[in-house]
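The structure appears below as structure tokens.
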Amino acid sequence: MATGVVMAKRHAPPAPDRLGARGGVARTVAPPIAARHWLAERSRGEMAAGSVVFHAPSTAFQSPGGGENQLVQTGRYLEARGQAVRPFIPWTDRLDRARLLHLFGMSREGLQLAKLARARGIPVVVSPICWIEPRAMAALAVDPLGRLANRAKWRLKALAPRWPSWRRDLLRCADAILPNSEAEGRQLVRWFGADPAKIRPVPNGVEERFAQADPSAFHAAHGPDRFVLYVGRIEPRKNVLGLVEGVRAAGLPLVVIGDALPGYERYAADCKRAGAAFARWLPRVDHDDPMLQSAYAAARVLALPSWFETPGLVALEAALAGTAVVVTPHGCTREYFGDRVNYARPDRPDEIARAVSEAWRDGPGPGLADHVAAHYPWSEVARRTAEAYDQVAR
């Protein structure tokens, strides 16, 4: 692997009080329980009266990703502010004992629960975790007819956003809608006729521990050389095959940490064949595993040229670890990162190769880690979430 690496700047732990986004004070308080234990611990026993009830689709944690991490971290940091949080247990929990219902993601089962909550006078908050990218829907269709159908569907939807749909009904049930960006909020208005007065953007977050990432553990396990890193599920939406092709064209080494999304094992096999000569494939690492932050610190570039991201939690984590970042321009990535990262469109392997090569040469953008530390700690996410709760809860 290539040598001559410039070491990235590492950042000291933030002070207990510091300025957060938009001038607010983000108070850093240690959550009372580790993320890897949070769901199991908070799902035990009876639900405390006055809890905020969290709900995600029932299959969500079978293959966890960024949305599931968003739920867990939001819960942990809300608890650090004194708010009781309960992952919803449908067999035992009664919504009429809750302070409010917070849905993560949009699903039909979430709509049914929201209707029940409204009937019982319980406020409903929705984090849609939704991005509509017609280009992606067309490109990822399995056949030409599917591509045409997807394009037609979303063109019609753009012309008639108030046309009945379960997603529209769900957003109408909400007392507050918490998109991960202002751009996502505008999409919800455009595509589903969401009420702009209900929209309160709350960004995704990053744990401050990534600022102290140390490459030593990863180097000890896998060698001292630097590399381009991808972390996430292996699936077409993440464009792992396009990344492999781009990194091959750049002539750089690649490390992939992640497993195939169920149903995409053949796609993962294609990716591995394409990267056989220069890529190393490692299994998924638990988000709390210190090896993950060590991998960020050991990498020279984190690359995420997906079909869209909102904005990609691994991009935030790697940026805070002092690593250069290449990310898709599709989604809300520019709103988060501005000109501090490199961008590459997913359907342009030559563009991916160029962006990765430039990031490898130049290192992280000026002020990238400081920008992420100042604006996107989970403590700030929890503060803004709690403000939304106070505006709608009884």
Side-chain angles (χ1 to χ4, degrees), residues 13-56 66-89 93 95 97-105 117 122-129 174-181 198-211 287-288 313 316-317 320 336 372-394:
D17 292 320
R18 56 183 172 73
L19 286 179
R22 303 182 182 180
V25 175
R27 185 174 297 274
T28 303
V29 180
I33 188 169
R36 64 183 177 276
H37 301 310
W38 187 82
L39 276 177
E41 291 293 325
R42 294 301 180 256
S43 300
R44 295 176 180 173
E46 293 186 7
M47 183 183 83
S51 294
V52 169
V53 173
F54 279 10
H55 175 271
E68 292 77 13
N69 188 38
Q70 178 182 338
L71 181 153
V72 169
Q73 301 298 347
T74 301
R76 294 175 69 230
Y77 282 84
L78 282 171
E79 287 182 343
R81 299 180 62 88
Q83 173 62 61
V85 178
R86 172 73 168 190
F88 181 61
I89 310 299
D93 293 347
L95 283 179
R97 303 186 68 222
R99 182 187 181 203
L100 58 81
L101 170 67
H102 189 162
L103 304 176
F104 286 80
I122 304 300
V124 177
V125 173
V126 178
S127 292
I129 315 178
D175 295 281
I177 303 168
L178 312 184
N180 290 144
S181 65
K198 295 181 179 180
I199 293 177
R200 299 167 176 83
V202 174
N204 253 316
V206 60
E207 290 180 89
E208 293 162 344
R209 65 184 171 91
F210 288 103
H287 190 260
D288 279 343
L313 293 185
L316 288 171
E317 293 163 358
L320 189 56
Y336 278 71
V372 170
H375 291 84
Y376 304 116
W378 282 114
S379 52
E380 172 66 7
V381 173
R383 182 189 69 81
R384 293 171 67 168
T385 303
E387 285 183 353
Y389 290 172
D390 290 342
Q391 291 168 359
V392 302
R394 59 185 179 183

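All values below were derived from every heavy atom in this structure, side-chain atoms included, with hydrogens, water molecules and symmetry-related copies excluded. Note that the numbering runs from 1 along the sequence shown for the chain.
The closest side-chain heavy-atom distance from W38 to L71 is below 4.5 Å. Taking the side chain as every heavy atom from C-beta outward, Y77 and T385 never approach each other to under 4.5 Å. Looking at heavy atoms from C-beta onward, S127 lies in side-chain contact with Q70 at the 4.5 angstrom threshold. Contact of the V372 side chain with the F210 side chain is not registered, since no non-hydrogen atoms from C-beta on lie closer than 4.5 Å. The closest side-chain heavy-atom distance from V381 to Y376 is not below 4.5 Å. Between R383 and R81, some side-chain heavy-atom pair lies under the 4.5 Å cut-off.
The minimum heavy-atom distance between L320 and A373, with the atom names listed, is CD1-CB, 3.7 Å. Residues P123 and V392 share a closest heavy-atom pair of CG-O, 3.4 Å. A pairwise comparison of heavy atoms in V53 and A98 identifies CG2-CB, 3.5 Å as the closest pair. Heavy atoms only, all atoms of each residue included: A34 and D288 are closest at C-OD2, 4.3 Å. Among all heavy-atom pairs drawn from P31 and A80, the shortest one is CA-CB, 4.2 Å. The nearest pair of heavy atoms linking L178 to P128 is O-CD, 3.7 Å.
Distance CD/E207 to CG/N69: 6.5 Å, rounded to 0.5 Å. For the atom pair OG (S51) and CG (L95), the distance works out to 11.5 Å, reported to the nearest 0.5 Å. Remark: I89 CD1 to R44 CZ distance equals 11.5 Å, nearest 0.5 Å. Rounded to the nearest 0.5 Å, atoms CD (Q73) and CG (L78) are 11.5 Å apart. Residue E68 holds its CD atom at 11.0 Å from CZ of F104, rounded to the nearest 0.5 Å. Going from atom CG of L101 over to atom CD1 of I122 covers 9.0 Å, rounded to the nearest 0.5 Å.
Under a 3.5 Å cut-off, the side chain of R384 and the backbone N or O of A382 do not form any donor-acceptor pair. Without hydrogens or angle criteria, R76 side chain to I33 main chain gives a donor-acceptor distance under 3.5 Å. Judged purely by atom type and a 3.5 angstrom limit, R86 uses its side chain to pair as donor or acceptor with the backbone of R42.
Using a 4.0 Å cut-off between a side-chain N of Lys or Arg and a carboxylate O of Asp or Glu, R200 and D175 do not qualify as a salt bridge.
Within 6.0 Å of atom CD in E46, 12 or fewer heavy atoms from other residues, nucleotides or ligands are found, so the atom counts as exposed in its surroundings.
Between H102 and Y389, the ring planes lie perpendicular to each other; the angle is over 60°, past the 30° to 60° tilted range.
Between the side chains of E317 and H287, at least one donor N or O lies within less than 3.5 Å of an accepting N or O.
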